[in-house]
Amino acid sequence: MDPLPPPPPPRGKSALAFFGILLLLFLPGILAQSAFLPAGLAWTQLFAFLLPAFALAAGSNLRPAAYLRLRKVPARLVLLGALAGVPAYLSAGAAMIATRRLLPEAWGETFDPARLFDGPPWERVLLALVAVLLAPPCEEIAFRGYVQTSLALRRSPAAAVLGAAALFAIVHLDPIRFPAVLLLGLVFGWLTWRAGSVWPAVAAHAVNNGITSGIVLLAGVPAQGEEPPLSAVAATAVLGLSLLALVLAAFRAATPAPPPAGEALSLADPADPSTAFSPERVPPRLLLAAVAGLALLALLVLGAVFSEARLAQ
C-alpha cells in the first residue's frame with residue numbers, strides 16, 4: 001500500500017475577510033465614541049482591532065504570537081523604529097497639508113481631526129493617552145500583524161506592505177489624511193517586514209502619535225485657515241523624507257535578512273494541518289473578553305442616554 005501523502009501546508013488567512021470584520025466592528029466603535037470619545041476610542045482599539053486579530057488567529061489553529069508577528073527583537077531595532085517615527089511624522093504632516101490644499105475647503109472642515117481635541121483639558125489628556133499607549137500596539141497587531149501577514153503568505157513582500165497600508169488608510173475614513181496615513185502605513189509595514197516583528201512599527205507609531213498629541217496639548221488646536229506657506233511645506237517634506245531614508249537605511253543594515261513569511265505559520269495543534277476557523281478553537285478567555293466588550297459598549301451607550309436625559313430635564 002502506498003503511503004498516505006503528507007498533509008498540505010497550512011495557509012494564511014484572508015486579509016479582506018478580516019478587514020470586513022474590522023469594518024463591521026467599527027460601527028459599534030463609532031457608537032461608543034459618540035457616547036464618550038476617549039472610552040469609545042479605547043473600546044475600538046481593544047475590541048474592534050486587537051481582539052479580532054487574536055481570536056481569528058487562535059480559532060484558526062495558529063499560534064497568535066507567531067502569526068501576529070509578536071516575537072521579540074533586539075532593543076536597537078525598537079529604538080530605530082522609534083527614531084523613524086520622527087521623520088515619518090514630518091513627511092506625513094507635509095502630505096496632509098498638501099492634500100488639504102488640493103481638496104475642497106469644505107472637506108477640510110468636515111474631516112478635521114483636530115475637532116477630536118475640542119473637549120476640556122482632562123478629556124484631551126485621556127485622548128492623548130489612548131493615542132500614544134493603546135492605538136499603536138492595537139492597530140499594528142491588526143494591520144501589520146494579521147493583515148500584512150495574511151497578504152505576505154500569498155503575495156510578494158511589497159504587495160503585502162502596500163495592501164496592508166492601503167487598508168489601514170481606508171479604515172480611517174478620512175480623504176484628507178489618506179495620503180499621510182498611507183505613507184505612515186508603508187513605513188510601519190516595511191519596518192515589520194524587515195524585523196519580522198511588529199514592535200519596531202509600534203514604537204514608530206507611538207512616536208508619531210506622541211508628537212501630534214504633545215503639540216495639541218501644549219499649543220492647543222490650530223484654528224482653521226492657519227496654514228504654513230507652500231515653501232515651508234515643501235521644505236518639511238524634503239527634510240522628513242531625507243531623514244527617513246537615513247533611518248531606514250540604518251534599519252536595513254541592522255536587519256540584513258528579513259525572516260521568511262512562512263515563519264508565521266506555527267500551528268497550535270501540529271497534528272491538525274487545517275487552518276479553517278472554528279469557534280471551538282477560540283480560547284475561553286477571548287470569548288469572555290468579547291462578552292465584556294459587549295457589556296462595556298452597552299454601559300457606554302446607556303450612560304450617554306442617561307446623561308442626555310438629565311440634561312434635557
Side-chain angles (χ1 to χ4, degrees), residues 12-23 26 44-45 48-50 52-53 67-70 77 80-82 84-99 111 113 131 135-209 211-212 237 240-241 243-245 247-249 251-252 255 258-259 261 264:
K13 309 307 292 179
S14 170
L16 288 178
F18 178 67
F19 182 68
I21 293 173
L22 293 185
L23 290 181
F26 201 68
T44 301
Q45 296 298 329
F49 293 150
L50 186 65
Y67 198 81
L68 302 178
R69 300 297 191 178
L70 297 176
L77 296 185
L80 282 172
V86 178
Y89 167 82
L90 295 175
S91 305
M96 185 180 70
I97 294 174
T99 305
F111 298 97
C138 292
E139 293 181 5
E140 292 309 307
I141 288 171
F143 288 94
R144 256 56 64 180
Y146 197 99
V147 173
Q148 185 167 310
T149 297
S150 299
L151 291 172
L153 291 165
R154 291 177 168 86
R155 302 286 185 266
S156 67
V161 171
L162 177 59
L167 294 178
F168 177 60
I170 290 171
V171 83
H172 281 76
L173 303 176
D174 186 345
I176 301 295
R177 289 193 296 160
F178 183 88
V181 177
L182 179 64
L183 173 60
L184 291 173
L186 292 173
V187 173
F188 301 156
W190 187 88
L191 292 172
T192 299
W193 167 62
R194 293 295 305 186
S197 170
V198 298
W199 297 119
V202 169
H205 197 152
V207 168
N208 173 81
N209 288 8
I211 295 174
T212 302
L241 292 173
L243 293 176
L244 183 60
V247 177
L248 296 186
F251 196 90
R252 182 185 181 90
T255 55

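Keep in mind the model is a prediction, meaning the values are calculated, not measured. Every heavy atom of this structure was used, including side-chain atoms; hydrogens, water molecules and symmetry mates were not.
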Working for side chain to side chain contact (heavy atoms under 4.5 Å, CB included), residues Val86 and Val207 = CA-CA 7 Å; Val86 178; Val207 168; 3.9 Å; yes

Between Gln148 and Gly189, is there a donor-acceptor pair closer than 3.5 Å when you use the side chain of the first and the backbone of the second?
-> yes

When rounded to the nearest 0.5 angstrom, what distance separates CD1 in Ile176 from CD1 in Ile97?
-> 12.0 Å

Contacts of Tyr146 that satisfy ring-ring contact (aromatic ring centres under 6.0 Å, His included) - sequence neighbours left out = Phe18, Tyr67

Euclidean distance, Leu241 CG relative to Leu90 CG, rounded to 0.5 Å = 9.5 Å

Run the numbers on Trp190 and Phe251 for side chain to side chain contact (heavy atoms under 4.5 Å, CB included), then give the verdict.
-> CA-CA 10 Å; Trp190 187 88; Phe251 196 90; 3.7 Å; yes

Val181 side chain reached by Asp174 side chain, heavy atoms, under 4.5 Å | no

If you take all heavy atoms of Ala152 and Ala261, which pair is closest and at what distance?
-> O-CB, 3.8 Å

Heavy-atom nearest pair, Leu191 first then Ala84, reads CD1-CB, 4.5 Å

Does the side chain to side chain contact (heavy atoms under 4.5 Å, CB included) test come out yes or no for Trp199 and Leu70, once each step is laid out?
-> CA-CA 7 Å; Trp199 297 119; Leu70 297 176; 3.9 Å; yes

Shortest non-hydrogen separation from Pro175 to Pro179 and the atoms involved = O-CD, 3.8 Å

Measuring from Arg144:CZ to Thr149:OG1, what's the distance to the nearest 0.5 Å?
-> 11.0 Å

How long is the gap from OG1 on Thr44 to CD on Glu139, to the nearest 0.5 Å?
-> 9.5 Å

Interatomic distance, CG@Leu80 vs CG@Leu248, rounded to 0.5 Å, equals 9.5 Å

Start with the C-alpha gap between Phe178 and Thr99, add the side-chain angles, then the distance that decides, and say whether side chain to side chain contact (heavy atoms under 4.5 Å, CB included) holds.
-> CA-CA 9 Å; Phe178 183 88; Thr99 305; over 6 Å; no

Nearest heavy-atom pair of Leu50 and Ile141: which atoms, and what distance?
-> CD1-CD1, 3.7 Å

Partner set under side-chain hydrogen bond (donor to acceptor under 3.5 Å, both in side chains) for Arg194, not counting sequence neighbours | Thr255

Heavy-atom pair of closest approach, residues Ala195 and Leu77 | CB-CD1, 4.3 Å

Separation between CE (Met96) and CG (Leu184), nearest 0.5 Å, reads 10.0 Å

Could you list the donor-acceptor pairs under 3.5 angstrom formed between side-chain atoms of residues 164-173 and any protein atom two or more places apart in sequence or on another chain?
{"from": "His172", "atom 1": "ND1", "to": "Phe168", "atom 2": "O", "distance (Å)": "2.7"}

Of all heavy-atom pairs between Gly81 and Ala204, which one has the smallest distance, and what is that distance?
-> O-CB, 3.0 Å

